[in-house]
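Remember, it's a predicted structure, so these values are computed and weren't measured experimentally. Naming: A, B, ... by sequence-line order, numbering from 1 per chain.
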There are 2 protein chains.
Amino acid sequence: MSDRLARLSGRLREQGYRVTGARRAILQELVSSSGHVSADELAALVNRRAPRVGRMTVYRTLELLQQLGLVRPIYLGSGAAHYVLLEDGHHHHLVCARCDAVVEFDDCLMQELEQRLGERYNFRVQGHLLEVVGLCESCREQEPA
Amino acid sequence: MSDRLARLSGRLREQGYRVTGARRAILQELVSSSGHVSADELAALVNRRAPRVGRMTVYRTLELLQQLGLVRPIYLGSGAAHYVLLEDGHHHHLVCARCDAVVEFDDCLMQELEQRLGERYNFRVQGHLLEVVGLCESCREQEPA
DNA sequence: CTCTGTGCAAAGGATTTGCACTACG
DNA sequence: CGTAGTGCAAATCCTTTGCACAGAG
């Protein structure tokens with residue numbers, strides 16, 4: 001359950017960052033919403049439980065998590081960035097190119113690819129985000145063309 | 001060379017969209033910059049050759065291309081979305097989580113995965129975007145921790 | 001106790017919208 | 001010609017920054 005929470009805050013601590021109340025609250029919501037949240041949406045969620053945590057802290061914490069490779073921003077519809085947790089270093093979903101519906105999937109054929117890439121480009125791979133893009137069923141029905 | 005250009009504008013036409021001068025100019029720059037451009041950067045590039053094309057048209061064209069599955073927005077560092085062409089339906093790169101350096105790579109083990117996914121989730125797959133995230137060589141040197 | 005992290009407010013950008021005008025097909 | 005596409009300017013929304021204060025280690 002808060003396995004994941006513990007793992008995430010562990011990562012912060014071991015990299016020399018403080019595990020503050022605000023950060024814990026943010027991680028908490030990020031894990032329990034385990035979906036695609038914008039910074040503002042996340043701030044609103046956090047505020048319900050920890051009203052003293054401001055929007056700015058959410059932005060800054062997301063940036064930190066991103067630098068640590070724990071989170072990735074994606075673009076979903078409107079101008080705001082949405083964030084996904086890289087659970088165990090990876091995340092996968094299908095996105096409808098038209099209505100931005102999202103379907104999560106778990107298949108992962110990529111451990112091997114990651115390793116090869118890391119070696120070839122001298123890159124320490126932390127994880128990956130794979131978006132498969134296309135049209136969902138209902139968008140396809142609307143326009144059979 | 002403008003193979004790709006022809007292919008892209010073909011896609012527009014066959015979906016019932018007009019291939020206007022502005023759109024041609026935008027596709028042109030998108031292909032020749034074949035990298036990661038923000039909407040504003042792209043508008044600037046387009047303006048050098050076609051000064052009468054406004055920034056708004058670039059935004060709207062990018063949205064259209066996105067809906068057709070020809071382009072994908074990604075977040076790279078600062079607030080603005082960057083766009084990548086889904087050449088032949090796919091794009092791959094490594095992104096440094098710290099400095100946002102980008103390394104392109106071509107490996108693609110995913111045709112099979114795509115097909116399976118399309119069937120399972122009843123999704124018409126148009127392409128995919130795979131980001132492998134980690135630390136680049138120089139960021140790793142800065143902090144050997 | 002010290003220094004990292006936080007909150008606020010305001011600035012700075014990016015994106016979206018409404019409407020009159022142009023030009024592709 | 002008719003309609004999809006365009007350009008402009010303004011409005012809106014998202015993100016970043018600077019600085020004084022609070023709290024984790």
Between A:H36 and A:E104, does any side-chain donor sit less than 3.5 Å from a side-chain acceptor?
-> yes
How many Å lie between CD on B:E63 and P on C:dT16, as a whole number?
-> 7 Å
Nearest-angstrom distance from the residue atom CG of B:L27 to P of D:dG5 = 13 Å
Between D:dC14 (P) and A:Y59 (OH): distance, integer Å | 7 Å
B:L68 and B:Q15, any side-chain heavy atoms less than 4.5 Å apart = yes
Sub-3.5 Å donor-acceptor pair from the side chain of B:R24 to the main-chain atoms of B:S9, do we have one?
-> no
Quick one: sort the A:Y121 and B:F105 rings into parallel, tilted or perpendicular, breaks at 30° and 60°.
-> tilted
Pick out which of A:L12, A:L85, A:V19 makes a side chain to side chain contact (heavy atoms under 4.5 Å, CB included) with A:L27.
-> A:L12
Would you mind reading off the distance between A:L62 atom CG and D:dC14 atom C1', rounded to a whole angstrom?
-> 13 Å
Quick one: does A:R98's side chain have a donor or acceptor within less than 3.5 Å of a partner on A:C139's backbone?
-> yes
Test of ring centre spacing under 6.0 Å for A:H128 and B:H92 = no
B:M56 CE to D:dT12 C1': how many Å, rounded?
-> 13 Å
Between the two ends of the helix from C:dC1-D:dG25 to C:dG25-D:dC1, what is the bend in degrees, rounded to 10 degrees, where each end axis spans five pairs?
-> 60°
Nearest whole angstrom, please: distance from the C1' of D:dC13 to the NE2 of A:H82.
-> 13 Å
Pairs under 3.5 angstrom, nitrogen or oxygen only, protein versus nucleotides 23-25 of chain D, please.
{"unit_1": "D:dG23", "atom_1": "N2", "unit_2": "A:R18", "atom_2": "NH1", "d": "2.9"}
{"unit_1": "D:dA24", "atom_1": "N3", "unit_2": "A:R18", "atom_2": "NH1", "d": "3.3"}
{"unit_1": "D:dG25", "atom_1": "OP1", "unit_2": "A:V19", "atom_2": "N", "d": "3.4"}

Roughly, in whole Å, what's the span from CD1 in B:I26 to C1' in D:dG5?
-> 11 Å
Among C:dT6, D:dC14, C:dT15, the nucleotide that comes nearest once only the side chain of A:T61 is considered | C:dT6
Could you state the CD-C1' distance from B:Q15 to D:dG5, rounded to the nearest angstrom?
-> 17 Å
Taking for each residue the nucleotide of DNA chain D bearing the nearest heavy atom, is the 5' side occupied by B:G77 or by B:V58?
-> B:V58
Using a 4.0 Å heavy-atom cut-off across all strands, classify B:R23 as base, sugar-phosphate, or nothing.
-> sugar-phosphate
Backbone of A:R23 reached by a side-chain donor or acceptor of A:R18 within 3.5 Å = no
Take B:E141 and B:E137 through the side-chain contact (heavy atoms from CB on, under 4.5 Å) test and state the conclusion after the steps.
-> CA-CA 6 Å; B:E141 278 163 5; B:E137 192 168 4; 4.0 Å; yes
Per atom distances to the B:R60 side chain, the nearest of C:dT6, D:dG7, C:dT15 is D:dG7
